[in-house]
Amino acid sequence: MENVELAYGEVPACRDVSFEVAEGEIVALIGANGAGKSTTLRGVAGAMLPRKGRIIFDGAEVTQMPAHRRALAGIALVPEGRRVFAALTVRENLEMGGFKFRRDRPRLRAQMERMLEMFPRLRERTDQRAGTLSGGEQQMLALGRALMSEPRLLCMDEPSLGLAPLVVQDIFKSIRAANQAGTSVLLVEQNARYALETASRGYVLQTGSIIAAGPCAVLKQDERVKEAYLGRR
Ligand code: ATP
């Protein structure tokens, strides 16, 4: 993103936001409630189009490209609150994620098998309706659904939200596994500790602007970050 402005109606929620995710990286975007993290992710995924600035993906400008085309180009979004299809089964949710392989059944089956291997809890529940899964299982399903399309870039919005610490550890392990398998990750988290431990670099958003950036090891020592997001020890 280069100097991007995103607005709801006339009110800008992000101003002059610039950042990058290199191939193979996990990058964290941290910040308080309402800082503009979800808005920025929507901008990356194309759910909101910028008023100013440019968005480049894989060497091509995608600034005005709609969300469905960005999905086909390799950008997958796991939205805040998971948003699985509650009335559909686990298997059907995963199939929806693999929509771009719908005419290639063997490929779709192979992808499904990969996801069920990655998330054994989902394998036990393939015919269960997604709405009846626990919060942690729904987060796994939302992640699995996004990974079904073999995205180049995975955008995760607050994966830890409302989940018990042990479940969060599992989710972050899966994010790292997806990254090791070749997917770059843009990770939005209010829980800065989790985010900075998982990513290699990070950006801090405050009231719609980036106020700090750097390797996570450096950000963890930044006084503003410690004060606002990590809590002093
Ligand atoms: P949180 O961690 O609480 O989700 P966030 O950093 O993701 O916060 P955003 O959801 O991006 O923040 O919100 C940034 C600003 O945009 C806030 O002031 C918010 O009130 C506003 N905003 C978000 N969504 C909308 C919307 N649909 N319509 C109008 N304003 C919105």
Side-chain angles (χ1 to χ4, degrees), residues 1-21 26-55 57 62-68 70-71 75-84 135-136 138-139 142-143 145-146 151 153-165 167-168 171-172 175 184-199 201-214 216 219-220 222 224-231:
M1 268 196 180
E2 288 174 10
N3 310 110
V4 162
E5 181 171 307
L6 293 157
Y8 296 99
E10 287 307 302
V11 186
C14 293
R15 271 169 245 93
D16 208 20
V17 169
S18 300
F19 68 90
E20 62 180 40
V21 180
I26 301 182
V27 171
L29 202 55
I30 62 174
N33 264 324
K37 305 181 299 296
S38 300
T39 305
T40 304
L41 271 201
R42 282 183 206 126
V44 173
M48 275 174 85
L49 299 178
R51 299 210 295 201
K52 293 183 192 159
R54 296 202 311 159
I55 305 174
F57 178 65
V62 296
T63 312
Q64 297 301 323
M65 186 188 275
H68 66 279
R70 282 192 220 188
I75 301 179
L77 172 67
V78 179
E80 191 172 350
R82 1 261 189 228
R83 310 258 184 94
V84 292
Q138 288 192 22
Q139 185 66 73
L143 177 54
R145 183 181 60 183
L153 175 66
L154 175 69
C155 302
M156 296 270 334
D157 199 348
E158 303 264 10
S160 78
L161 197 72
L163 300 182
V167 180
V168 175
I171 299 286
F172 276 82
I175 295 171
S184 310
V185 181
L186 177 58
L187 176 64
V188 156
E189 259 296 339
Q190 228 184 92
N191 189 320
R193 201 174 296 281
Y194 287 138
L196 294 178
E197 271 160 22
T198 305
R201 286 190 309 115
Y203 295 85
V204 182
L205 260 179
Q206 190 175 295
T207 53
S209 300
I210 286 170
I211 57 147
C216 291
L219 283 181
K220 278 191 229 171
D222 184 298
R224 290 167 299 179
V225 174
K226 280 205 242 177
E227 182 98 39
Y229 306 112
L230 295 176

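One-based numbering, in listed order, for ligands and for the atoms of each. Along the sequence shown, residues are numbered consecutively beginning with 1.
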- Tell me, please, which residues at least two apart from Arg201 pass salt bridge (charged side-chain N to carboxylate O under 4.0 Å, His left out).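 Partners of Arg201 by the salt bridge (charged side-chain N to carboxylate O under 4.0 Å, His left out) criterion, ordered by chain and then number, come out as Glu25.
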
- By salt bridge (charged side-chain N to carboxylate O under 4.0 Å, His left out), which residues pair with Glu2, not counting sequence neighbours?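 Per chain and number, Glu2 pairs via salt bridge (charged side-chain N to carboxylate O under 4.0 Å, His left out) with Arg54.
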
- Query: Hey, mind stepping through Leu143 and Leu154 against side-chain contact (heavy atoms from CB on, under 4.5 Å) and telling me if it holds?
  - Reply: CA-CA 9 Å; Leu143 177 54; Leu154 175 69; 3.6 Å; yes

- Message: Closer than 3.5 angstrom, by distance alone: can the side chain of Glu189 be matched with the main-chain N or O of Ser160 as a donor-acceptor pair?
- Response: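 Checked: pair present.
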
- Donor-acceptor under 3.5 Å (Thr207 side chain, Ala35 main chain):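 Absent.
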
- Item | Phe57: ring pair (Phe, Tyr, Trp, His ring centres under 6.0 Å) partners, not counting sequence neighbours |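 If we apply the ring pair (Phe, Tyr, Trp, His ring centres under 6.0 Å) test to Phe57, skipping adjacent residues, there are no hits.
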
- Task: Write down, by chain and number, every protein residue that brings a non-hydrogen atom to less than 4.0 Å from an atom of ligand 1.
- Result: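 Within 4.0 Å of ligand 1, protein side: Tyr8, Ala13, Ala32, Asn33, Gly34, Ala35, Gly36, Lys37, Ser38, Thr39, Arg42, Glu80, Glu158, Gln190.
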
